[in-house]
There are 2 protein chains.
Amino acid sequence: MSNAWQQEVLAEIKAGGRISDGDIVRQVRRAVLAQRLPPGTRLPEVTLGEVFGVSRSVVRKALTRLASEYVVDQRPNQVARVRSPDVDETRQTFAARRLVEGELAALTAGTLPSTVLLQIEDRADREREAFLASDEPSRIEHSLAIHHLLAEHSPNRVLGAMLTDLILRTSIVIALYKRQGLGSCYLEGDHHRLLEHLRSGDAAACREDIEHHLDSLMGLLDLGPRDSRIDLKSILGGEG
Amino acid sequence: MSNAWQQEVLAEIKAGGRISDGDIVRQVRRAVLAQRLPPGTRLPEVTLGEVFGVSRSVVRKALTRLASEYVVDQRPNQVARVRSPDVDETRQTFAARRLVEGELAALTAGTLPSTVLLQIEDRADREREAFLASDEPSRIEHSLAIHHLLAEHSPNRVLGAMLTDLILRTSIVIALYKRQGLGSCYLEGDHHRLLEHLRSGDAAACREDIEHHLDSLMGLLDLGPRDSRIDLKSILGGEG
DNA sequence: GGCGCATCATATGTATACACCAGTGGTGGC
DNA sequence: GCCACCACTGGTGTATACATATGATGCGCC
């Protein structure tokens, strides 16, 4: 675990009050998404407990939840580690999200209240602004918010919860396999186009929008055979 | 928690050695599926610990996992209870499984090794025999095994894991909402037909088989408006 | 000099003690 | 007679102590 991350966590802790397992889950998720905790990073229970100022009981619950979200790898009698999905799992995760989010977009088309549509529009606008300002963290935040809004306001809550999970997992592998030197994974117009089709209620177009969006996104990744190098690094490199 | 169930659990414990959280998860899952633990049943940590001969630590981990599987309901500072999905969630769960399993069947068509195909054939045969012998528990076991084989041997492990979860959730609501007086939810020929299409590699037919199978299954349920009575019973009835 | 084994440090697995919270029943006042 | 309040009990939330497994290290033997 990097020291910089510990500093940041501590800063946020002082602001708030008591720490619960949910707080730890959120913090670790964020850190993994931002690659402040790279794959393979060891997450010992005592260390995490010291960082967050809680005992192992709380940490253990958080780690169990993170394991059920496929964020960390928890094996018996071994230290929990940040998971490192391989390229196969990455492709399969994208395929799963393509299926679920495509269906969900089609189901949701024409059903959203105007308040939600306005929220999506706002996020899409601010995503573009953040992109133009080269503020990648903000851009990602707004982009994720759009998909989460879709998941939360879909008529099928079961599929919605599944999509929430898949958004997290795809975000992690995007951060992992983003092509080197590529500043942003912004796809100009995709979200605004989806918004218009959600408004007009064109279910088939919504599904196509999502499928095309995810295909393009996966196309920006580097899923070539040289991933074996990454794998080696994360396995042999230890905690650097 | 019923006493009969405790007896049965104890019997199985004596046979085996030490109990882990995974054992508890499996036992509770089975008991919920068999409706030995009806919806709303209270599951206090200390009581479960006594039943299984372990301390609260292990029980807590098991309950957390069961909550992430949507089998039990775990709220802060309150006893865990067996979840009771309403009719809306039931329909949405079936819709989700229809989507996921349909896609998975199509993906898997023509890819299964003969060993797996033979296992499916064996299960389908034994399911029919169990149905003819009116041995419903065995029939359910074989039926579930077929779908689990599909989930485990599909080319997409991510979707496969999602299907495994959905099989559990649909099985629970089937037990819950099965039409009164209906002895079995057996659909003659469905599994054998799917098997032949998996063999021949007809992806479209496989998807249709699954979708038709699940639609028929949901049709056997009693999802009418009188579910409010069931809901009342489970809420007001307590643990009677 | 290299390989194998004992030993130790580190971290998890489990049990338990104490604090806190929630629902419940009884009691007192109005 | 009814409502509000309070003490009590059952149960979870958290911390901690002890038992155990695992990986590393270094010594000794071949």
Side-chain angles (χ1 to χ4, degrees), chain A residues 1-3 6 9 13 16-28 37 40-68 71-84 232 234-240, chain B residues 1-3 6 9 13 16-28 37 40-68 71-83 234-240:
Chain A
M1 290 192 301
S2 74
N3 260 325
Q6 295 189 20
V9 167
I13 286 176
R18 214 165 258 91
I19 304 296
S20 77
D21 59 316
D23 298 321
I24 301 179
V25 169
R26 270 185 294 277
Q27 295 266 11
V28 173
L37 291 177
T41 306
R42 291 158 49 92
L43 299 172
E45 297 174 359
V46 281
T47 313
L48 277 179
E50 288 165 4
V51 169
F52 286 98
V54 295
S55 89
R56 282 178 55 211
S57 320
V58 188
V59 174
R60 281 177 74 79
K61 187 162 186 178
L63 285 175
T64 301
R65 286 180 52 182
L66 286 166
S68 79
V71 175
V72 308
D73 208 357
Q74 217 182 10
R75 316 169 98 97
N77 290 314
Q78 261 169 270
V79 197
R81 288 167 172 274
V82 176
R83 245 172 69 90
S84 163
L232 270 181
S234 74
I235 292 175
L236 303 177
E239 51 190 319
Chain B
M1 291 192 303
S2 74
N3 260 326
Q6 294 188 21
V9 166
I13 285 176
R18 215 166 258 92
I19 304 297
S20 77
D21 59 316
D23 298 321
I24 301 179
V25 169
R26 270 185 294 276
Q27 295 266 11
V28 174
L37 291 177
T41 306
R42 292 158 48 92
L43 300 172
E45 297 175 358
V46 281
T47 312
L48 277 179
E50 287 164 5
V51 169
F52 286 98
V54 294
S55 88
R56 283 179 54 211
S57 320
V58 187
V59 174
R60 281 179 74 81
K61 187 162 186 178
L63 285 176
T64 301
R65 285 179 52 183
L66 286 166
S68 79
V71 175
V72 308
D73 209 358
Q74 217 181 9
R75 316 169 101 98
N77 289 315
Q78 264 172 268
V79 284
R81 286 167 173 275
V82 176
R83 247 172 68 90
S234 74
I235 290 176
L236 302 177
E239 53 191 316

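Computed from a prediction, not measured in an experiment: that's the story for all the values here.
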What is the distance from [atom1] of [X] to [atom2] of [N], rounded to the nearest Å?
{"X": "A:Gln78", "N": "C:dG13", "atom1": "CD", "atom2": "C1'", "answer": "14 Å"}
{"X": "A:Glu45", "N": "C:dG13", "atom1": "CD", "atom2": "C1'", "answer": "9 Å"}
{"X": "A:Asn77", "N": "C:dG13", "atom1": "CG", "atom2": "P", "answer": "5 Å"}
{"X": "A:Glu50", "N": "C:dA11", "atom1": "CD", "atom2": "P", "answer": "10 Å"}
{"X": "A:Arg60", "N": "C:dT12", "atom1": "CZ", "atom2": "P", "answer": "8 Å"}
{"X": "B:Asp73", "N": "D:dT12", "atom1": "CG", "atom2": "C1'", "answer": "15 Å"}
{"X": "A:Arg75", "N": "D:dA21", "atom1": "CZ", "atom2": "P", "answer": "18 Å"}
{"X": "A:Arg42", "N": "D:dG23", "atom1": "CZ", "atom2": "C1'", "answer": "9 Å"}

Exercise. Evaluate the side-chain proximity of A:Leu63 to A:Leu48: yes if any heavy-atom separation is below 4.5 Å, no if none is.
Key: yes
Quiz item: Looking at side-chain heavy atoms only, is the closest gap between A:Val54 and A:Ile24 below 4.5 Å?
Solution: yes
Practice problem: Please tell me which of the listed nucleotides, C:dA11, C:dA17, D:dA15, lies nearest to the side chain of A:Ser55? | Solution: D:dA15
Quiz item: Can you tell which of D:dA15, C:dA17, D:dG11 lies closest to the side chain of B:Pro44?
Solution: D:dG11
Quiz item: Of A:Pro76 and A:Asp21, whose nearest nucleotide on DNA chain D comes first from the 5' end?
Solution: A:Asp21
Quiz prompt | Side chain B:Arg81, main chain B:Gly40, donor-acceptor under 3.5 Å | solution = yes
Self-check item: Derivation and outcome, side chain to side chain contact (heavy atoms under 4.5 Å, CB included), residues A:Arg56 and A:Val46
Solution: CA-CA 6 Å; A:Arg56 282 178 55 211; A:Val46 281; 3.8 Å; yes
